[in-house]
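Down below is the structure, laid out as structure tokens.
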There are 2 protein chains.
Amino acid sequence: MTLDREQVLRSAAALLTRKSTATMDEVARAAGIGRATLHRHFAGRDALVRALENLGIQEFEAALDAAELDKGTSEEALRRLIAAVEPSAGLLSFLVTENQLFEGEEVNEGWSRTDARVSAFFRRGQERGEFRIDLTPAWLTEALYGLVSTGAWAVQVGRVAGQDFQYMIVELLLGGARRSVEQ
Amino acid sequence: MTLDREQVLRSAAALLTRKSTATMDEVARAAGIGRATLHRHFAGRDALVRALENLGIQEFEAALDAAELDKGTSEEALRRLIAAVEPSAGLLSFLVTENQLFEGEEVNEGWSRTDARVSAFFRRGQERGEFRIDLTPAWLTEALYGLVSTGAWAVQVGRVAGQDFQYMIVELLLGGARRSVEQ
DNA sequence: ATTCAATGAGACATTCATGTCTCATATGGG
DNA sequence: CCCATATGAGACATGAATGTCTCATTGAAT
């Protein structure tokens, strides 16, 4: 036996991504373990969510690393980032929603780090003349989170094909819906 | 006395927009009435949320009407729509999140109507050559919802100035973050 | 002034998720 | 083979929100 704590977190993430109000019992069943065992690994629901938050931050930071945002053009870097983030999109979507419930309480410092990195990426792109300067880096950062969440949900419910996830997000984020003249 | 049911709904919307987990007691206090009275007007929390859902749908449909999406260019129409939707953005944001919890259960038919209208608007824009055809109307519709929600939240927490709400959403949705050559 | 309907406050029962605990069982190492 | 450890199942208590009810009070209409 000696179950894998990491594996439990993965299945919890998968379940909570689909049903964010799942009970501890449902989370345990989904992981194929008993509720008591789940409590032995995570002191409570808060602890579980915090662990998931740390996992999400860790995965997001890994995606930021993997994307090598300072290499090549900003556009290429953004494409790499969205590609790298796709496997974590569902979890991040859950965490974003969950975070909004905290309305003022202390938030995990990890988000400040990721916010800073994403925001700095957009600012660099602006300084290089590759991104518009009339949209603030803070807004572009939030928009990226929002579109990734929306995309994950749209794929989840079947409104968007899974294989289009990256393309739809990147293209909208980069070029918008307007048909440009050169096309 | 003879309190206004509409007024109660408004204050409930305002509160739940900020704190989506507010209890019936908090909702009642926010409306300046007792919990018993709140229950006399809305059978329970479900009934309250359903009433809010109908209010949100009604407001969104009113915004769709007011925007006159078939007049002028698609771009102008989209600007009118976002402007008309801004006062309801918080409520819609709450309802979108709330709806995702229903994961499969019956959804209010009103959303089908609004989805159809927004989606048809993007499709018309594509047919007119004003919108890109490589982004599906379904995705553009979801993206619009997502950006409106994200924008409402970003303003809520102070990451984006309230006066920039419309501009940030419309510009990103239309033109994206890329700095185009003609600028 | 009287009457009547609506309200506010609070008591009460119910439900549900959570957290804790016990105990029998199974697994894996020595 | 035996033992230590982890697990699963379930019982149990707790807390929170909900929903229902009563009753005194308020406000408005007559």
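Only a predicted model underlies this, so the values are computations on that prediction, with no experimental measurement involved.
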Could you go step by step and tell me if B:R132 and A:E171 meet the salt bridge (Lys or Arg N to Asp or Glu O under 4.0 Å) rule? CA-CA 10 Å; B:R132 305 166 58 165; A:E171 286 303 316; 2.6 Å; yes

Can you give me every donor-acceptor pair (side chain of residues 153-168 of chain A, partner residue at least two apart or in another chain, under 3.5 Å) with its distance?
{"unit_1": "A:R159", "atom_1": "NE", "unit_2": "B:E142", "atom_2": "OE2", "d": "2.5"}
{"unit_1": "A:Q166", "atom_1": "NE2", "unit_2": "A:E86", "atom_2": "OE1", "d": "2.6"}
{"unit_1": "A:Y167", "atom_1": "OH", "unit_2": "B:D134", "atom_2": "OD2", "d": "2.4"}

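Take B:F94 and apply the ring pair (Phe, Tyr, Trp, His ring centres under 6.0 Å) test, not counting sequence neighbours, and it matches no residue. Here A:A67 pairs with A:L69, A:R80, A:L81 under the side chain to side chain contact (heavy atoms under 4.5 Å, CB included) rule; sequence neighbours left out.
Within the 4.5 Å cutoff, no side-chain heavy atoms of A:I57 are placed close to those of A:F60.
At D:dA6, none of the side-chain N or O atoms of A:H41 fall inside 4.0 Å of OP1 or OP2 (strictly under the cut-off).
Taking atom CZ on A:R29 and atom C1' on D:dT7, their separation rounds to 13 Å, with Å as the unit. Rounded to an integer number of Å, the gap from A:I33 CD1 to D:dA9 P is 11 Å.
With the end axes of the helix from C:dA1-D:dT30 to C:dG30-D:dC1 each set by five pairs, the angle from one to the other reads 20° at 10° resolution.
Of the charged side-chain nitrogens involved, none lies within less than 4.0 Å of a carboxylate oxygen, so that B:E127 and B:R123 do not count as a salt-bridged pair.
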Take nucleotides 13-25 of chain D nucleotide by nucleotide from the 5' end and write B, S or -, depending on whether a protein heavy atom sits under 4.0 Å from the base, only from the sugar-phosphate, or from neither. ----SBBBBB---

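Hydrophobic cluster membership for A:V49: none, as no Ile, Leu, Val, Met, Phe, Trp or Tyr side chain comes under 4.5 Å of it.
The number of heavy atoms from other shown groups lying within 6.0 Å of CZ (B:R117) is above 12.
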